[in-house]
Amino acid sequence: MINLKNKISNWTRFQTILKTFAKHGFTSFIRDFGFPLPGTFRESTETLKAGVPKQLRKAFEELGPTFIKLGQLLSTRPDILPEEYIFEFSKLTDQISGFPFKEVLVILEKELGRDPLEVFNSIEEKPLAAASIAQVHRAVLHDGEKVVIKVQRPGILEMIEGDIQVLHFVAKNLEKVREEFRLMNLSAVVKEFQRTIYEELDFTLEARNIDQFAQNFPELDGIVIPHVQWSHTTTRILTMTELSGTPLSQLPEFPANIDRSFLAEAIVNFFFESMFFHGLFHADAHSGNILLQTEGRGRLALLDFGMVGTLGPNLRSKLSQLFMAIVSRDFESLALLYTDIGEFQKKFSVREFQADISELLSPHLGKTLKQINMGQLLLDSTKVARKYHVKLPRDLIMFYRSLMTLEHIGRKLDPEFDFLTYGQKFAQTLVKRRFSSQEIFRDIFKTVEGLRSLGTELPTQIKNLVKKIDNEDFSFGNEATERTLKEFQKTHRLTLLSFFTIVLMLCSTLISTVRPGSPIEIPLWVGTLLLSLFLLLILVRRK
């Protein structure tokens, strides 16, 4: 126990964590894993009957902010946890009582470097909202502008740092004793959680997210984004314009002037463009974070940009294909895309994986588009990935959950809104954008660069290999090997030139079919013709 105590700096907190889990029925688990448990704890029959997922959720609630946030993260990972755990962790909420206003003033003065009332004309003492990480207060600037201030809870960083150290220690030890924990890659889950929670603790990151959304959408019809007051924003406080309106979660009924179908299409279009065009999307847009403003035919104001998903160009391209596979109900392509996107923990049969995906999703084939819950369908597909130990990117799961939330909001705004039909409509936009002049040029450049690298690097590597063989006194001589290498280089470059000609021809055909009259259509065909003639000339000369 002395050695173990030396490995954990916050031994008291570690003991508190163990006691809490023991209290909720995990005594035997703690002892099985070799963790020391002071005192005598008896696991009651009542606790055992409640079920492991439920008791685990209760323990997380009692242990506070770090474990609540961890549970919330785990609730987004159906690819690594069974459904019953996802269900329980989804119940976790970090809405707790606020901390005293005098502490708010202390933090504001420390962060702003002066008396808060010199910066703000007034600050409401009662928090507008309070959570485990921060609480929010209304305020007014000296120029009369109404703002809200998000203030980080005192001591939260130190608490989370200590808990994360314990989580790393526990994850490593659990992986040593159980294969299922190794397959879950618990250490990687804790690292992912650490990155996520530290990002959430830096309010300047949230402020930059807001600015990036405003930059991506300079003109928004029906959607409102807050404006950051950077002069009053630091890592621990975030000041932004106050957005009026009623949260959708608290709305008893929609006013008569509201155009509900317009708002549903506006929010879905905003999210689709965020995901597929910009690669940055709001990942926590539940109905409590969306306000209804009743001016004109209505607007939706988005709150809380602390949790966002980011999709790089490569993943975004694959998600576009995946999205189109779903709206066309091509489940075989969906399974193949999973094998391309996921990270494999074990070897398995792609054919069996494909069959399981199809079996899980095939009941949806007989439904009309309006009957299909697209977000839930995508999340269901990740259960098969868990069976085969295919680890999916976190942002992919966030993408799925956002689609599921978005679908719910779309139908709340307009009961007649057909999400999947709109998805098919947006898929047409994706196809057109995929074959836009800019995208074609980018793909051609990537192809040319890849061929250039292959054409120049591979012969050099082979030449180095040949020299190494010659230096090690193999039976054939330098002259023969050099002659063979030169012949290989000629054949190799000719193959690459032929391949590039075919690629250019395919691009020209696609442009002519999808975007006839495009300004690059004629240059592409001219380039194809010239390259074909050049290739033909080389072949004739070789003969």
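Residues take their numbers from the sequence shown, with the count starting at 1. FYI, side chains are in, hydrogens and waters are out, and symmetry mates aren't considered; it's all heavy atoms of this structure.
- Between the side chain of Glu242 and the backbone N or O of Arg138 there is no donor-acceptor pair closer than 3.5 Å.
- Of the charged side-chain nitrogens involved, none lies within less than 4.0 Å of a carboxylate oxygen, so that Glu62 and Lys58 do not count as a salt-bridged pair.
- Put simply, the side chain of Asn289 does not reach to within 4.5 Å of the side chain of Leu302, judged on heavy atoms.
- Residues Pro415 and Arg260 approach most closely at CD-NH2, 3.5 Å, considering heavy atoms.
- Side-chain contact between Met275 and Leu403 is present, with at least one heavy-atom pair separated by less than 4.5 Å.
- The environment of Glu83 atom CD is sparse: at most 12 non-hydrogen atoms of other residues, nucleotides or ligands sit within 6.0 angstrom.
- No side-chain heavy atom of Phe67 sits under 4.5 Å from any side-chain heavy atom of Leu92.
- Here the options are Leu280, Ile225, Leu238, the test is side-chain contact (heavy atoms from CB on, under 4.5 Å), and the partner is Phe305; only Ile225 passes.
- Considering only heavy atoms from C-beta on, Lys69 stays 4.5 Å or farther from Ile160 through its side chain.
- Taking both residues in full, the closest heavy atoms of Gln293 and Ala301 are given as NE2-CB, 3.8 Å, listed atom of the first, atom of the second, then distance.
- The shortest distance between side-chain heavy atoms of Asp414 and Phe262 does not fall below 4.5 Å.
- Nearest approach of Ala264 to Gly410, heavy atoms of both residues: CB-O, 3.7 Å.
- Around OH of Tyr198, the count of heavy atoms belonging to other residues, nucleotides or ligands within 6.0 Å exceeds 12.
- No more than 12 heavy atoms of other residues, nucleotides or ligands lie within 6.0 Å of NZ in Lys146, so this atom counts as exposed by the packing criterion.
- With hydrogens and angles ignored, the 3.5 Å screen pairs no side-chain donor or acceptor of Thr20 with any backbone N or O of Leu63.
- Taking 4.5 Å as the limit, some side-chain heavy atom of Glu206 sits within range of a side-chain heavy atom of Asp304.
- The aromatic ring centres of Phe29 and Phe21 sit 6.0 Å or more apart.
- Two residues are said to be in side-chain contact when any heavy atoms from C-beta on lie closer than 4.5 Å; Asn216 and Ser274 fail this criterion.
- A perpendicular orientation is assigned to the rings of Phe399 and Phe281, their planes being inclined by more than 60° (bins at 30° and 60°).
- Between Leu201 atom CG and Thr235 atom OG1 the span is 9.5 Å, to the nearest 0.5 Å.
- Scanning for side chain to side chain contact (heavy atoms under 4.5 Å, CB included) contacts around Glu175 gives Phe181, Arg182, Asn185, Leu186, Ser187, with sequence neighbours left out.
- No donor-acceptor distance shorter than 3.5 angstrom exists from the side chain of Ser317 to the backbone of Asn314, with no hydrogens or angles considered.
- With contacts defined as side-chain heavy-atom distances shorter than 4.5 Å, the pair Phe26/Val52 qualifies.
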### Message
Set out, in order, the CA-CA distance, both residues' side-chain angles and the distance that settles side chain to side chain donor-acceptor pair (under 3.5 Å) for Gln229 and Glu145, then state yes or no.
### Response
CA-CA 11 Å; Gln229 292 283 348; Glu145 183 178 0; 2.9 Å; yes
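- Qualifying side chain to side chain contact (heavy atoms under 4.5 Å, CB included) partners for Pro255, counting only residues two or more places apart in sequence or in other chains: Asn257, Ile258, Leu292, Thr294.
- Side chain of Arg297 to main chain of Gly222: no donor-acceptor pair is present (N/O by atom type, distance under 3.5 Å, no hydrogens or angles).
- Under a cut-off of 6.0 angstrom, the local environment of NZ in Lys191 is sparse, with at most 12 non-hydrogen atoms contributed by other residues, nucleotides or ligands.
- Residues passing the side chain to side chain contact (heavy atoms under 4.5 Å, CB included) test with Glu273 are Phe217, Asn269, Phe277, Phe426, sequence neighbours excluded.
- With hydrogens and angles ignored, the 3.5 Å screen pairs no side-chain donor or acceptor of His278 with any backbone N or O of Phe213.
- In this structure, Tyr85 OH and Leu74 CG are separated by 11.0 Å, a value rounded to the nearest 0.5 Å.
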